[in-house]
**Student:** 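What follows is a structure written as structure tokens; I'll ask about it next.
Just so we're on the same page: letters track the sequence lines, and every chain starts at 1. When reading the values below, keep in mind they use all heavy atoms of this one structure, side chains included, and skip hydrogens, waters and symmetry mates.
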Amino acid sequence: MRTAALVLAALTVAAPAVLTAQATPGQEGTFVIRGATVWTGAGQTLQNTNVVIRDGRIEAVGPNATAAGAIEIDGRGRFVYPGMIDAFTPLGLSETGGISTMNLRSEMGEYNPHMRAVVAINVDSDMMAITRANGVTTAITAPSGGVISGQAALVNMAGWTWEDMAVKQTAAFVLNYPRQPSFRFGGGNPAAERAAGERVAGQIRELKTVLSTARAYDQQRAAGSDQTDLMYEALRPLVRGEVPALVSADTEDQIREVVEFGREFGIRVIINGGRDAWKVRDLLAQNDVPVVLGSIQSTPASDAPYDAVFAQPGVLHEAGVKFAFSTGGGANARHVPFHAALAVGYGLPKEAALRALTIWPAEMFGAADQIGTIEAGKVANLFVATGDPLDIRTQVSELFIKGRRVPMDDRQTRLYEKYNARPAGN
Amino acid sequence: MMRSALAATLVVGVVSAVPASAQAPPTPPDHYALTNARIVVAPGRVIERGTVVVRDGRIVAVGERVSVPAAAIQVDASGHNVYAGLIDAASSVGLPSVVRQGGGFGRAADDEAQEVMPGREAADVWAPSDNELAQLRAAGVTTLGLAFNGGIFPGRIAAVSTGSTNRSPVLRAGIAQQVLLGRRRGGYPGTLMASIAYVKQSFYDAQHGMRARQAWERQPSGPRPDYSPDTRALEPAVTGALPVWLHGSTERELDNITRVASDLAVRNFTVVGAQEGWRRIDLLRRVGAPVIVSLEFPTANQISGRSFELHVAPVTGEDHAAARADSAAVFEARGNAGALARAGIPIALSSYGMNSPVRLRAHVRAAIDAGLSPDDALRALTVTPARLLGIESVAGTIETGKMANLVVVRGDIFDTDAPIRDVFLEGVRYQIPAPAQQQRGASARADAAAPSVTGEWVGEVDSPTGLMQFSLVIDGGGENLTGRMSSDMGSIALSGMQSGSDITLSGTWTPPGGTALAVTVTGRITGDDLRGTITAQGMSPFEITARRQTPGAAIQEVSR
Amino acid sequence: MIRRRIGRAGAGMVLTAAFALAAPVAAQDIAIRNATVITIANGTMENATVVIRDGKIAAVGRDVQIPSGIRVIDGTGRYVMPGIIDAHSHMAIEGGINEGSESVTPEVIIPVRDDDQTIYRALAGGVTSALLLHGSANTIGGQGAVIKMRWGQPADSLHFEGAHRIVKFALGENVTRASSSAPDSLRRFPKSRMGVEQTLRWWFTQAQEYAAEWQAYDARRDRNAVPPRRDLRLEALADILSGEIKVHAHSYRGDEILMLMRVAEDFGFRINTFQHVLEGYKVADEMAAHGAMASTFADNWGYKVEANDAIPHNMAIMADRGIVVSVNSDSGERVRRMYQEAAIGMKYGGMSENEALKMITLNPAMQLGVDNLVGTIEVGKQADIAIFSAHPFAPETHVEMTLVDGKVYFDRNEAMTLRKLIDGARSITTTEDDR
């Protein structure tokens, strides 16, 4: 008897949420979050403030802001933040590990600037639902492989179609700058080192040839040529400096080389990885080159200080280098604020950490006019939480993506509800 | 052993029956007298001017006033040293390689497994090329202990001669059972932990097999035991009748192998490898086993404990300090044999694990430069290995009745520039061809191009407590540098070597009331300027700079 | 030649650090005063003092007298908690972690190495002990080792005296994987979860017979009888049957967890701890009834098919159903920030703070058989202690100091940090520019 009652109770609680989740990517409408503390990301933390959301946008932010007929959300004692951004992931392209058909992220060949990640995003990826539940509303979804992997997209973690989800269909070109394999402590094979060096030099020459050709192609097209080539056509926004390149570089030499490469070709470069960026922080600051930091949840090189990875964001910040955080992973992209928390533990001011999770990546990828702060007119990507999102103990209670109130359940909460309701002794 | 004259007859007979081969073996020995020689009878026992008489492969007389028999071929050895032939205590030259290609977890190896062949005699599968033998002789090596280069129970040790006659080169077989904590490619044991278990299980099986057989022999009505050749072959090692050679090079390999020995109550054993023996002196003393030291020197990065330094080491794009710390570490590794010998541990030296075993002499030289006394070196290449191989009654010293295995050198045997003129192997004379001397010329020229480093250098150490003045007096050159460093902290006697413009000097410094620390100075000379580092044991290096004070000290420098 | 900048710059600092390292960690009595002390056993005390004598905790509380002549560490603003214990690690293992050549190899024992940098980095994350486990390539792997992070001491002295003897079992995808990719000659049974069960049953049947054979021999007391062949593998299995060796079983799915418990029950032994146990929440009542504990990932999921149903609420559900739950690293990376992993217990499923902290202290201590020695801050326990700059779950926290046996093995003030390296470099650059 008692058991049956429990099951019933569990079902009635769980069922509506399940239905909502499967039915829509979020409730449409006009919303007012009332009486919350709002970290705007634009330099202010507003107490007792209302946020009005209408037609997918933030309509107003202020102590008296309101909208007639709006759905009311009690924000007293709660905190509102702009949706967080993971600046490098395979989300939507990769699912369960170990199964090749669920991880189709790279195309054949070395030069694929025309490959667009955005068109291959699985709208119903469990990973995206789980990611957004922690306040991560948006991510860079990147292809991989080759020298130029393709075009990374900046996408929201909910939407009806990939077009609906995309903030920027082409947010950056993913470029794996050819790098010398590492020979540490004089591995002792000069011939092999030389051969590898020559191979890499050849690859770099090839990359530069491709880009020079792309520049020439762009000029011809601008001058009226109607000959088209899909690959070079795709590269036009890159060589025109309209779309940045996310270029992998970790060591001091690699980063210097990549900065120089950007200057040579007039390309807006974002360093991707940047393990040793602290060594060239002045160069990066002077040239206004930002960094998408590789996972903070990674170990430093064996001869580096034990806290090198944790402490680097603080050091870069002091030097005036802009950066964003990235998990590089799909399943736990929800951890991106906890990556930032590690940096805070080792010297990065909290305010900077929050910016590096919101407005800085939005700026890097040309989306600062749309997302990254809580300001009137911007897309309503934001969340309501019980506290500081860097604190793991904080709970996210409400989530808005493009002004839709996104349900907070996912595959994991559904399994939780099912088994948590299992009657004892059954 | 067969009398040589008879052997000679037999050999001649055989040779004449065989079609002319590419190289006829040298005429077997008859009768020689080496006169006017400086005879190093044994380590520390020298006859300044004397004669060695050799007949029928044996030494028949040694002394200052030995008369030269009329029948003997007289070999004038004036200006030369005569040493007992060197014994490389553990060599894999001419043995099939146990370390195989391919394999690994889940993959088949390319060829047949050889890791477990406990009954295999190295003597039975030894097939060196004539060239290998000639090179060994040219390096003064007359005798080898044969040891397989890997596996778990790869076989048994033999002692062989490096001669090229048609006599059997085998002096003794079945000397010891080789035991290594090796892995089997593509099968069990595939890890160190399994290898430990496997070795133990194999010993238990041998023990059990023996008991079961004895029981059956006593009482044939009982269960008849299974016969397994491998298990049977291990029995003498298990009972202690056959010595065991246990292999271990790094400090933890030494820990592991000695623990296995203790678990299995193996007492009659010799440790082979011990490249990091200096890091486990106490352990080696405690187990009381002799040690056959590999003269393959580990690189700085291979030495255990490296990571204890890394986490405090500064990191920069161009870190010369790291490189210098490396050279100090390498110097320490080269001092291994010396450290063991000074600790009173009986050592033999070997080429075991060396890529190029014929360079043994150069490696011995490096060990001497790093602190091994020449007498200890000689003992470790003659008397001690002879004992470990069970051939001490016929080899290891220049004494009447022993095999006539002699090396005639113009100079010190461990001076790599000193040419070896003759090697006698069981009385057979091998004249060592000239190329060695050409090399010497080249190396002499190289030395001439190197700047002189002698003189008094005054400079400062960039220490954490501020700049500290020091004076460094250096004498000598090439592989024989000595020096003394003086400062407010005291004075340290140093020794080391010069390679081109680079110097490395080491010594020991005892801080007031403290324990002794190994100190290494490395540096590069440019004219009268010295830049380098000083490293105290366990610490990261400090930079030093100095300038040569003694006027005219640099005049020896030869211009190109 | 270019004058090296940072190497020289760092010299002073490096020397300090090197001294700290080279000098044997001195046994010295210590008092940590005026700290917030998270005892785990008796709540959290503010403005409290912990006195350590002879490597053990001698006093804890607000009104504790600090003996004179003792080293005093100021704990103002700091949080003191029991040293973190990692119940699943593969650090500091010599010569391979997977004897994957055969399906059952409990006779192999992990050899410990002392020079794995992960030990130091773990210390820098407040970790003081870890269970080093065999890998998961085979159904019954090897025996592990429980170590303390006595960085700088020889390998032999890392062993945690008094800890359980532990063997690793593994179920599911990993143990069946070797069969599918290997060449024919090296394929080994099993290649399905069904085969895993039968592998277990076959070997334990052998072990029972082996034990019986020895029992019979011992009972005969016949000096002339040949003793049975000693078989290290069956001997280890027999020790598992008798409970002498505790089982830690790598597991994912609910079905296989249940299967293993039933097999163990049939043979009369218990599974001490399920490792990973990502679907433990599906069979939590059965695990509780069996008496098994659980050591899991906080929220790893999706990295293979059997990890698809992993949920971060797993810890909370299992704890709620009466299971002793720990959260582990299984990684040289996560071991440096296990406090973050534990905090996830509070985020999903509503664990209390103390329950969450227990998952990296007392609970793993129970799983390793050392809960009477460490895992809480209580008088008489070994002084394995981590000192944090802020609450261990706060985002701004980091580890200031880690003590093992009452000795300071990690001190951030003396460690080479990125900032010290940079500051050193800066000061030297200035000197050179001045010149």
**Student:** Under 6.0 Å between ring centres: does that hold for Tyr416(A) and Tyr348(C)?
**Tutor:**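 No - the distance between ring centres of Tyr416(A) and Tyr348(C) does not fall below the 6.0 Å cut-off.
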
**Student:** Heavy-atom distances under 4.5 Å only: say whether Ala310(C) touches chain A with side chain, backbone, both or neither.
**Tutor:**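 Contact with chain A: backbone only.
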
**Student:** Can a donor-acceptor pair be found, under 3.5 Å and without considering hydrogens, that links the side chain of Arg355(A) to the backbone of Phe323(A)?
**Tutor:** no

**Student:** What part of Tyr339(C) gets closer than 4.5 Å to chain A, counting heavy atoms only: side chain, backbone, both or neither?
**Tutor:**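 The answer is the side chain of Tyr339(C).
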
**Student:** Against chain C, label Lys350(A) side chain, backbone, both or neither, depending on which of its atoms sit under 4.5 Å from a heavy atom there.
**Tutor:** side chain

**Student:** Does any heavy atom of chain A fall under 4.5 Å from the side chain of Asn300(C), the backbone, both, or neither of them?
**Tutor:**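 For Asn300(C), the contact with chain A is made by backbone and side chain together.
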
**Student:** Does Lys304(C) make a cation-pi contact with Tyr252(C) (under 6.0 Å, within 45 degrees of the axis)?
**Tutor:** yes

**Student:** Determine yes or no for a side-chain-to-main-chain donor-acceptor pair under 3.5 angstrom, with Arg281(A) supplying the side chain and Trp278(A) the backbone.
**Tutor:** yes

**Student:** Measure distances from Pro300(A) to the heavy atoms of chain C and classify the residue's part below 4.5 Å as side chain, backbone, both or neither.
**Tutor:** both

**Student:** State whether the side chain of His398(C) and the backbone N or O of Gly345(A) hold a donor-acceptor pair below 3.5 Å, judged by distance alone.
**Tutor:**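 The answer is yes, because a donor-acceptor pair under 3.5 Å joins these two groups.
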
**Student:** Against chain A, label Arg334(C) side chain, backbone, both or neither, depending on which of its atoms sit under 4.5 Å from a heavy atom there.
**Tutor:**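 For Arg334(C), no heavy atom lies under 4.5 Å from chain A.
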
**Student:** Can you tell which part of Tyr281(C) gets under 4.5 Å to a heavy atom of chain A, answering side chain, backbone, both or neither?
**Tutor:** both

**Student:** Measure distances from Thr397(C) to the heavy atoms of chain A and classify the residue's part below 4.5 Å as side chain, backbone, both or neither.
**Tutor:** backbone

**Student:** Quick one: does any side-chain atom of Asp116(C) pair with a main-chain N or O of Met91(C) as donor and acceptor, under 3.5 Å?
**Tutor:**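 No, because the side chain of Asp116(C) does not come within donor-acceptor range (under 3.5 Å) of the backbone of Met91(C).
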
